[in-house]
Structure formats: C-alpha cells, structure tokens
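First up is the structure itself, then whatever we jot down about it.
Below, chain A is the first sequence line, B the second, and so on; all start at residue 1.
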2 protein chains.
Amino acid sequence: MKIRIVDIAKKAEVSAGTVDRFIHQRGKVSNKAAEKIQKAVKELGYEPDILARNLALKKELKIICLLPDPKETKYWERPDAGINKAIKELSSFKLAIEKIYFAPRVDAFNGACKIAIDSKADGVIYVPMFFNESGIFAEKLKTLNIPYIHINIHHSEATPLSFIGQNAFGAGKLAASLCQMALREKHEVLITYISKEQQEYSHHHARIEGFINYFENKKFVQPVIHHLNLKIDTNNRSYEKQLIGFLKEHPNTSTIYVPNSRAFRIASILQKSNITNIMLIGFDTLDENIQFLKEGVIDILIGQQSKSQGYNAVMLMFNAIFRKEKIADINYLPIDVLNCQNIDYYEGL
Amino acid sequence: MKIRIVDIAKKAEVSAGTVDRFIHQRGKVSNKAAEKIQKAVKELGYEPDILARNLALKKELKIICLLPDPKETKYWERPDAGINKAIKELSSFKLAIEKIYFAPRVDAFNGACKIAIDSKADGVIYVPMFFNESGIFAEKLKTLNIPYIHINIHHSEATPLSFIGQNAFGAGKLAASLCQMALREKHEVLITYISKEQQEYSHHHARIEGFINYFENKKFVQPVIHHLNLKIDTNNRSYEKQLIGFLKEHPNTSTIYVPNSRAFRIASILQKSNITNIMLIGFDTLDENIQFLKEGVIDILIGQQSKSQGYNAVMLMFNAIFRKEKIADINYLPIDVLNCQNIDYYEGL
DNA sequence: TTGTATGCGTTATCAG
DNA sequence: CTGATAACGCATACAA
C-alpha cells in the first residue's frame with residue numbers, strides 16, 4: 001500500500017497543506033506540527049510520487065547545458081547527442097533543458113557563462129574547458145546557489161555536484177598496457193598530437209603521464225619514448241613533413257600514441273606515405289577515427305562513452321534537482337578498448 | 001502547447017470518453033466518430049501523457065523475468081542486478097516485475113515456464129537456455145498473445161519481440177584479434193573450457209567459431225589451434241592433470257582461450273603450477289575472473305555488459321507494453337575488452 | 001500558521 | 001455506442 005501525503009496528514013493530525021509545507025520547506029510550520037509530521041513520515045515511510053508531482057507542477061525547472069560547439073570540435077557531437085537523448089526521454093516532465101554552444105575560445109566561453117547566469121537556471125551542466133574561467137564561473141554559481149555538474153574535463157579546484165568523465169591518467173595507462181602487449185624486442189614509441197587550440201588541456205597531459213607511468217612501474221622491455229608536438233596552425237601542413245621526417249630518423253618506431261582525438265590526421269599521413277608497420281593508438285570514436293580504424297590504419301581507439309557523458313549528466317541533474325536525490329560526486333565512465341572487430345557494436349554507432 | 005485528449009475531443013466533436021475508447025481500441029466506436037477522431041489526432045499531433053496515464057491507471061501491468069538461478073551459475077548475478085536496478089527505477093509506475101529463477105536443467109526450466117504462463121503476465125523476459133524447450137515456450141506465449149524478449153542467448157528459430165545480448169561470433173573474432181596482436185613467431189593456441197552442465201551452449205560454439213574464423217580469413221602468422229574439453233564432473237579434479245599434461249606435451253602453447261565464463265578455473269590451475277608465460281583470454285566479469293585479472297593470471301576478459309542485459313530487457317519491455325513503442329528486434333551490446341588497467345572502471349563494479 | 005478547494009491529463013465506471 | 005464524472009497523488013492559491 002502506497003503512503004500518500006493525506007495519509008501522513010491524518011496520522012499527524014494536521015492538514016495535507018501543512019504536510020506539504022513541511023516536506024518542501026515552503027512557508028512556515030509550527031514546531032509541534034513539524035514534529036508530529038516528521039514522526040508520521042518516519043513511521044509510515046513516505047515516498048513522494050514523482051509522477052503525480054509532475055502532473056500537478058505549475059512552473060518548470062530549467063537545466064542549462066554549456067558545451068563547445070560540435071561544429072567547431074567534432075568530438076562534442078556525441079555528448080550533444082547524449083543530451084538530446086536525455087531530453088527526449090524526459091520530455092514528459094515539466095523540464096526545460098536548454099543548450100548553449102560556445103566556440104572553443106576563452107571569450108566565447110565567458111559569454112556563454114554570462115548567458116547561463118542571466119537565464120536563471122535551476123541547474124547548470126558545463127565543460128570546464130578553461131581552468132581559470134571555469135573556476136570563476138563555478139564560484140558565481142555557488143554564490144547563486146545553483147547546482148552544477150562538470151563533464152569530460154576534471155577541474156581540480158572547483159567542487160561540482162558531480163563530475164562525469166573518464167579517468168584520463170588511467171586511460172593513458174591502459175593505452176600503454178595494450179602497447180606493451182604488442183611490443184617486440186626493439187621498439188621506440190612516439191607520442192604526438194596535432195593541436196588546433198592554443199590551450200593545452202590537462203586531460204591530454206594526464207593521458208600522456210599515465211602512459212609513461214605504466215612503463216616506469218613495470219619491469220617490461222622499456223621502450224624509448226619520444227615526443228613531437230605538431231601545430232595545425234603552422235602554415236600549410238608543415239606538420240606532415242615534420243612527422244615523416246621524424247619517422248625517417250627513427251626507423252625503429254613501432255608505435256604512435258595520440259593522446260587527443262585527432263589520431264585520424266596522423267593516420268591520414270601514414271596512409272598517404274604508405275607506412276603500414278606502425279601501431280597507431282588514439283582516442284575517441286569520431287567518424288574519421290572510426291573510418292581509419294576499419295581500414296586498419298588506426299589499430300586501437302580508446303573510447304570514453306562520450307554519448308553517455310551528455311546523457312548521464314542530464315539524468316544526474318534531473319535526479320538531483322527534480323527527485324532531490326543525492327548523487328555521487330565522481331562518476332568515472334568505462335575506459336573502452338575498440339578495434340576494428342568490436343567498433344560496430346559500440347554505443348549504438 | 002500540449003495537446004490533450006479533451007482537445008482532440010472538442011475538435012472531433014465527441015466526448016473524451018469516445019476518444020479514449022478509440023485510441024485504446026477498447027469498446028466500440030462508430031465509424032464516423034472514429035474518422036473524425038483520427039483526423040483530429042493527426043492534425044493536432046496528440047502524444048499521450050504517460051505520467052498522467054500512470055496516475056489514473058487502475059490495474060498494474062505484470063512483467064515476468066525467467067532466468068537461471070544466480071546461486072547455481074554465478075554469471076547470472078549481474079543480469080539479476082540489472083533487473084533490480086530497472087525495478088527500482090520504474091518503481092513509480094504501476095508495474096509488477098517478478099523474477100523466477102530456475103536451476104540450469106531442462107526440468108527446472110520447464111517448471112519455471114509453467115509458472116510464468118499460469119501467472120498471466122503481460123510480458124515475459126527469459127533466457128532461452130534450452131533450444132527445444134525454449135521454442136515450445138515461445139510458441140505458447142505467442143498463442144496467448146504475450147510479448148516476450150530473449151536475453152543473452154540468441155535463439156535462431158523463435159521470433160521474440162527483441163533479443164538483447166552479444167554477438168557471440170563477433171566476440172570470438174575480437175578475442176582472436178587481441179590474441180593475434182600479442183602473438184610471437186612460434187605459437188600454439190589452446191581452446192579449452194570446463195563445463196558443468198551436460199548441455200552445450202550455442203553461444204560458446206559461436207565464440208569458438210568466431211575465433212577460428214578470424215585467423216582463417218587473415219594472412220597472419222597462422223597459429224596451431226588445439227581443443228581440449230574438460231568436464232568438471234569427472235571425478236576429483238582430473239581435469240587439472242589433463243590440462244597440465246597437455247601443456248607439457250605442447251610447450252609452444254602461448255595462448256589459452258576459454259570461451260565460457262570459467263576462465264578462473266584454468267587460471268587457478270596455471271597459478272598453482274606456476275605457469276606464467278601463457279596469455280589467458282576469457283569471458284565475463286565474474287568476481288573470480290576479476291580477481292585473477294588483477295593478479296595478472298588472466299590477461300584479458302571479454303565483457304558483455306551482463307548487467308545491462310537485465311536492465312535493458314526490462315526497460316525495453318516497459319517501453320513496449322507500457323508506452324506502446326516499437327522496439328528494435330535485435331539489440332547487440334558492446335563487446336568489451338577488459339584488462340587489469342580498465343577493469344576498475346567497468347560497469348560500476 | 002493552517003485548512004480547503006481546485007486542477008493537472010488520464011483511466012474507468014456508470015448511466016444514458 | 002456515447003457522454004459525464006469521479007478518482008489518481010500532488011502543488012498551489014486562497015481563505016481562515
């Protein structure tokens with residue numbers, strides 16, 4: 001038998017209205033009423049009927065999602081899709097879920113933050129892409145008493161309601177362990193990535209550190225590890241020549257590890273130059289990456305369930321502010337290993 | 001603006017009751033009323049409010065889940081946990097979700113089927129563990145017009161509303177591809193598994209076939225592949241001696257592939273005998289398997305998101321019979337690669 | 001500070 | 001065959 005508000009009202013010898021006020025801390029309730037109600041709630045074990053609540057609700061709660069524009073950085077297409085899935089699933093509820101895209105630059109980020117603040121949200125989900133600015137935004141939200149959730153990038157100083165993403169250091173270690181599995185006697189490893197933004201992201205570093213750490217702690221055959229930073233904004237694809245040049249100088253290179261999501265660019269160079277004896281490990285299931293994975297140019301992709309990042313963030317926020325549940329402050333997602341054999345079954349691609 | 005039943009009733013110039021009868025095909029509706037309603041529904045774009053429906057609903061829908069007793073076969077603990085999660089999540093709805101466990105024997109399975117039939121379910125989720133009996137059960141359900149979903153094991157003849165599980169052949173191919181990554185010049189592969197049941201399961205065979213198929217289709221270094229079937233019911237752990245004996249005879253064995261979930265038993269033997277130079281690949285994240293994975297005795301486990309199998313099955317059935325949505329007839333889950341580096345992040349273990 | 005009445009969108013019942 | 005109406009459990013506005 002389900003316990004309703006009227007049941008505990010009867011038991012506490014007050015009216016339903018008073019019970020409601022007590023439960024939701026709205027309006028004033030006398031001490032003796034409060035005590036009786038509290039007792040009744042405990043004894044009968046009241047659980048609010050969230051569906052009935054939603055039906056009766058007048059105003060809707062607003063959740064704002066701030067994320068980099070998928071048009072600018074392809075990675076964000078999948079978290080965006082996850083958010084859309086959550087929106088659809090929660091469409092029956094009196095909930096307004098709004099998305100704000102920002103270009104991956106500090107000024108755009110700040111502008112988006114301002115819009116979010118102005119629109120009086122009941123909860124904010126955002127990607128703390130720029131360390132300082134994200135911290136300031138977090139402070140502002142805290143002052144306004146608006147709960148916020150971080151996705152994808154872990155911010156070491158802000159204290160969001162929850163973080164949803166991958167343990168980047170762990171992901172790097174995993175990549176290294178796979179690399180180790182395939183290593184032969186002589187080998188050199190190249191860590192390289194092509195970056196567009198000026199910004200260097202902490203999770204990319206963590207992926208590199210985890211990778212290196214794995215070998216440091218093991219008594220395996222120790223690879224020689226090289227680093228090569230390629231800037232996409234240097235003029236006219238000079239990074240292609242840089243990479244080819246490096247490989248000529250280091251013919252023992254057996255593995256290339258790309259800690260950001262642009263392995264497909266490296267793959268493209270290898271393919272053009274007909275280099276086939278190098279194992280290429282990258283991150284994230286962008287369409288381009290998947291294409292090269294299927295063609296065998298990329299050997300392994302590390303996945304971070306990007307779609308789930310968006311989906312879970314919205315769901316967690318919903319549970320937190322609508323159902324008023326406590327939610328875990330860290331939600332690490334699985335670190336997925338994808339090759340051409342299992343990519344077709346991944347994340348409903 | 002949300003379109004309600006009364007809105008289309010007004011537009012169609014009939015009462016809400018008639019609209020309801022038409023939409024749910026309950027009772028009789030005159031032709032002209034039906035036409036007008038249909039037109040109004042199309043023009044206004046009516047979407048039922050599932051939350052309000054649930055509130056008004058009198059009788060609850062019953063979903064029955066038939067699965068092997070987790071106490072008998074440890075694998076089923078996780079699908080069982082997934083079902084529990086779904087039950088909790090759907091607790092606000094007028095839904096009765098019941099579980100029936102059966103011992104992994106034909107007679108027990110048949111008994112469970114009978115109970116399921118007798119209890120007048122609105123939907124049945126079951127594991128088609130025994131081919132013939134599962135087919136008969138499926139027929140019976142079809143006759144009674146009760147929708148059913150299969151989980152974990154694909155039944156080639158029955159036509160369930162949906163199948164949820166892994167592509168076993170694909171999983172075998174994946175295992176082989178990982179094996180290939182690690183292979184050195186000389187190598188032999190042993191495929192072996194310890195079975196308790198008399199029954200041989202089709203998905204175990206598919207895992208073996210996929211494994212072998214991978215090598216057949218590639219121009220890689222071809223391993224010599226051996227098979228060794230070990231019965232757990234042969235007296236007094238004689239299978240241990242059999243395995244050790246095999247390895248003595250075939251010192252080039254570099255890999256052992258265990259297509260069922262009992263890799264931990266093989267691991268235990270290897271550990272006891274101090275054999276460390278063999279790569280061991282198994283299936284499923286049973287606690288025992290995870291233990292050996294972390295100790296480095298098992299190198300790789302193929303995961304099939306067993307928890308999600310249970311969870312998704314219930315959710316799909318809910319969507320099908322409660323929201324009356326169409327659901328996909330095949331739901332392949334990801335084929336996960338787990339080693340000691342990423343196991344801690346898997347399925348919220 | 002408290003009690004009561006009304007409505008949310010649907011289902012189900014009952015009288016026409 | 002059809003229309004009217006009382007629930008369902010909760011939120012909210014208003015009266016006391």
Side-chain angles (χ1 to χ4, degrees), chain A residues 1-38 40-41 44-61 90-96 122 321-324, chain B residues 1-38 40-41 44-61 90-96 122 321-324:
Chain A
M1 187 49 205
K2 177 173 247 171
I3 305 300
R4 300 157 304 161
I5 279 190
V6 290
D7 295 322
I8 80 152
K10 205 187 297 174
K11 176 124 185 166
E13 295 168 307
V14 293
S15 77
T18 308
V19 174
D20 177 78
R21 277 184 287 270
F22 172 76
I23 290 177
H24 295 89
Q25 335 259 22
R26 54 168 80 105
K28 307 276 174 187
V29 175
S30 70
N31 279 341
K32 52 184 172 190
E35 275 174 39
K36 283 195 288 185
I37 293 170
Q38 194 153 33
V41 165
L44 296 180
Y46 172 71
E47 290 288 339
D49 182 326
I50 164 181
L51 304 184
R53 161 184 300 164
N54 185 73
L55 189 60
L57 225 47
K58 282 283 196 292
K59 74 169 200 313
E60 52 183 19
L61 290 180
L90 295 174
S91 62
S92 322
F93 291 91
K94 292 214 173 59
L95 219 55
D122 300 285
I321 68 179
F322 199 95
R323 322 179 82 128
K324 282 150 195 181
Chain B
M1 186 51 204
K2 180 174 242 169
I3 304 300
R4 302 157 302 162
I5 278 189
V6 290
D7 294 323
I8 81 154
K10 205 187 296 174
K11 176 127 188 164
E13 296 169 305
V14 293
S15 77
T18 308
V19 174
D20 178 76
R21 277 184 287 270
F22 172 76
I23 289 176
H24 294 89
Q25 336 258 21
R26 53 168 83 104
K28 305 277 173 184
V29 176
S30 69
N31 278 341
K32 52 185 172 188
E35 273 173 40
K36 283 195 289 185
I37 293 170
Q38 194 153 31
V41 166
L44 297 180
Y46 172 71
E47 289 287 339
D49 182 327
I50 170 179
L51 305 184
R53 161 184 299 164
N54 184 71
L55 188 60
L57 226 46
K58 282 282 196 293
K59 77 166 202 309
E60 52 183 19
L61 290 181
L90 295 175
S91 63
S92 322
F93 290 92
K94 292 210 174 64
L95 218 55
D122 299 287
I321 68 178
F322 200 95
R323 319 179 84 128
K324 284 153 195 179

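- Counting only distance, with no hydrogens or angles, the side chain of B:N54 and the backbone of B:L51 share no donor-acceptor pair below 3.5 Å.
- Partners of A:E60 by side chain to side chain contact (heavy atoms under 4.5 Å, CB included), not counting sequence neighbours, listed by chain and number: A:K94, A:A96.
- Within 4.0 Å (heavy atoms only), B:A33 reaches sugar-phosphate atoms of the nucleic acid but no base atom.
- Note on B:R26: a side-chain N or O is less than 4.0 Å away from OP1 or OP2 of C:dA12.
- Heavy atoms of B:R21 sit under 4.0 angstrom from at least one base atom.
- Between B:I23 atom CD1 and C:dT11 atom P there is a gap of 8 Å when expressed in whole angstrom units.
- Rounded to an integer number of Å, the gap from A:D20 CG to C:dT4 C1' is 13 Å.
- Rounded to whole angstrom, the span from the CD1 atom of A:I5 across to the P atom of C:dA5 amounts to 17 Å.
- Each of D:dG9, D:dA7, C:dT4 was ranked by its minimum atom distance to the side chain of A:S15; first place goes to C:dT4.
- Contact check for B:F93 versus B:S91: no side-chain heavy atoms found under the 4.5 Å cut-off.
- Side-chain contact between A:R21 and A:K28 is absent, with no heavy-atom pair separated by less than 4.5 Å.
- Under 4.0 angstrom from either OP1 or OP2 of C:dT1 there lies no side-chain N or O belonging to A:T18.
- Within the nucleic acid shown, B:V6 has no heavy atom closer than 4.0 Å to any nucleic acid atom.
- Remark: P of D:dA11 and CD1 of A:I50 are 11 Å apart, rounded to the nearest angstrom.
- In this structure the side chain of B:K2 never reaches within 4.5 angstrom of the side chain of B:D7, judged on heavy atoms.
- The A:K2 side chain lies nearest to D:dG9 when the options are C:dT1, D:dC1, D:dG9.
- Counting to the nearest Å, the P atom of D:dC10 and the NZ atom of A:K59 are 18 Å from each other.
- Between its opening and closing five pairs, the helix from C:dT1-D:dA16 to C:dG16-D:dC1 changes axis direction by 50°, a value rounded to 10 degrees.
- Along DNA chain D, the nucleotide closest to A:K58 and the one closest to B:V29 are compared, and the more 5′ of them pairs with B:V29.
- Residue B:R53 has its side chain nearest to C:dT10 when only D:dC1, C:dT10, D:dG9 are considered.
- Separating the CG atom of A:D49 from the P atom of D:dC8 is a distance of 12 Å, rounded to the nearest angstrom.
- Residue-level contact check: B:Y46 touches the backbone only, with heavy atoms under 4.0 Å from sugar-phosphate atoms and none from bases.
- Projected onto DNA chain D by closest heavy-atom contact, B:N31 and B:K94 fall at different nucleotides, the more 5' of which corresponds to B:N31.
- Among the nucleotides D:dG9, C:dG9, D:dA11, the one closest to any side-chain atom of A:H24 is D:dA11.
- Look at CG on B:L57: it is 12 Å from P on D:dG9, rounded to the nearest Å.
- Remark: the backbone N or O of A:F322 is paired with a side-chain donor or acceptor of A:R53 at under 3.5 angstrom.
- The CD1 atom of A:I37 sits 12 Å away from the C1' atom of C:dT1 (whole-angstrom rounding).
- Proximity of B:H24 to B:K324: side-chain heavy atoms (C-beta onward) are separated by under 4.5 Å at one or more points.
- Counting all heavy atoms, side chain and backbone alike, B:I8 lies closest to B:A40 at O-CB, 3.9 Å.
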